[in-house]
> 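Have a look at this one.
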Amino acid sequence: MAEIDLFEAMRTCRTVRRLRPDPVPDALLHRVLTAATWAPSGGNRQPWRFLVVRDPGRKRQLQELYLPLWQRFSEAYGARMLALAPEARAQTERMLRAADHLAHHFHEAPVVLVVCVHVPDLAITDAGLDRPPVVGGASIYPAVQNLVLACRAVGLGAALTTLLCMKEPEVSALLGIPKSWATCAHLPIGFPRGKGHGPLVRKPVEKVTYLDQWERPLFAP
Ligand SMILES: Cc1cc2nc3c(=O)[nH]c(=O)nc-3n(C[C@H](O)[C@H](O)[C@H](O)COP(=O)(O)O)c2cc1C
């Protein structure tokens, strides 16, 4: 397979929610998981474990936990969508359709990857502030993004999901995950059904970058 430029991979690294059931060879999984382990982490503690779920019964149980969470979440989304401009609404509707497909077919992905982090090893430097801490995630989600980009590079589709984290006790019991490990993401992975990857829709950099002071633009619009 031809190598892909890093910027091109990032620009087209869509969430791929429609996957073929064809198996993902171990060698390919090894390659993308190796890329995940190249990620940085606080103190280089590398507090991750990657649990590859291939067993049909376990994948089915994950899907049965996921579907009602998605249905509740999508109802709330539907209400918010009414306020959107037509183009944004059409995009959101496409995303919701794809996400709904994923929720019904979660277990058909050849691999569901459960990403776990060892909580005692997290460097949570913002734990004392008057808001929920966010820094701990920086020791695990770069690994997830490395993995997703590596999937893009080798032609695999992946969908980063976090809804199932709400059901951590059930997921941990199902997969034998010890108490000190948190579940951070569940990624159905497989070869895309159809095109899969493609250009992303994002806010322009001009809108989200400031110089020296909040809301003072660095780049002209
Ligand atoms: C932290 C996080 C959690 C997400 N959780 C879910 C999820 O539970 N289910 C889902 O279908 N997509 C999930 N997504 C995918 C986002 O919906 C997706 O990244 C976003 O709509 C942008 O679409 P794109 O990645 O195709 O550009 C999640 C993404 C992130 C970064």
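Atoms within a ligand are numbered from 1 in the order they appear, just like the ligands themselves. Values below: all heavy atoms of this structure, side chains included; hydrogens, waters and symmetry mates excluded. All residue numbers refer to positions in the sequence shown, counting from 1.
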> Assess the side chains of Q46 and S41: does a donor N or O sit below 3.5 Å from an acceptor N or O?
no

> I'd like to know if atom 13 (C) of ligand 1 has any protein heavy atom within a distance of less than 4.0 Å.
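Yes, at least one protein heavy atom sits under 4.0 Å from atom 13 (C) of ligand 1.
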
> Nearest heavy atom to atom 9 (N) of ligand 1: which of Y141, F106, Y66 does it belong to?
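When every heavy atom of Y141, F106, Y66 is considered, Y66 comes closest to atom 9 (N) of ligand 1.
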
> If the contact criterion is a heavy-atom separation under 4.0 Å, does F73 count as touching ligand 1?
no

> With heavy atoms of T161 as the reference, note each atom of ligand 1 found under 4.0 Å away.
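With T161 as reference, the close atoms of ligand 1 come out as 5 (N), 6 (C), 7 (C), 8 (O), 9 (N), 10 (C).
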
> Can you tell me if R202 contacts ligand 1 (heavy atom of the residue under 4.0 Å from the ligand)?
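R202 counts as a contact of ligand 1 under the 4.0 Å cut-off.
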
> Return the closest protein heavy atom for atom 11 (O) of ligand 1 as residue, atom name and distance.
R17 NE, 2.9 Å

> Are the side chains of L175 and S172 in touch, meaning some heavy atoms are under 4.5 Å apart?
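No. Closest side-chain heavy atoms not under 4.5 Å.
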
> If you measure from each non-hydrogen atom of L163 to ligand 1, which part falls under 4.0 Å: side chain, backbone, both or neither?
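For L163, the contact with ligand 1 is made by both the backbone and the side chain.
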
> Starting from atom 4 (C) of ligand 1, find the nearest protein heavy-atom neighbour and note its residue, name and distance.
L160 O, 3.5 Å

> Heavy atoms only: which of T162, L187, V201 is nearest to atom 2 (C) of ligand 1?
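Ranked by closest heavy atom to atom 2 (C) of ligand 1, first place is T162.
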
> Measure the distance from atom 21 (O) of ligand 1 to every protein heavy atom, then report the residue, atom name and distance (to 0.1 Å) of the closest one.
M95 CG, 4.0 Å

> Among protein heavy atoms, which sits nearest to atom 26 (O) of ligand 1, and what does the distance come to when rounded to 0.1 Å?
T15 N, 3.0 Å

> Please check if any side-chain donor atom of S139 sits under 3.5 Å from a side-chain acceptor atom of R45, or the reverse.
no

> Test: side chain to side chain donor-acceptor pair (under 3.5 Å). Region: residues 61-86. Which pairs qualify, not counting sequence neighbours?
R60-Q63, W70-D100

> For the CZ atom of F73 and the CG atom of L96, what is their distance to the nearest 0.5 Å?
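Nearest 0.5 Å value for the CZ-CG distance: 8.5 Å.
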
> With sequence neighbours excluded, what pairs up with R216 under the side-chain hydrogen bond (donor to acceptor under 3.5 Å, both in side chains) test?
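So R216 forms a side-chain hydrogen bond (donor to acceptor under 3.5 Å, both in side chains) with Q213.
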
> Under 4.0 Å between a side-chain nitrogen and a carboxylate oxygen: does that hold for R193 and D22?
no

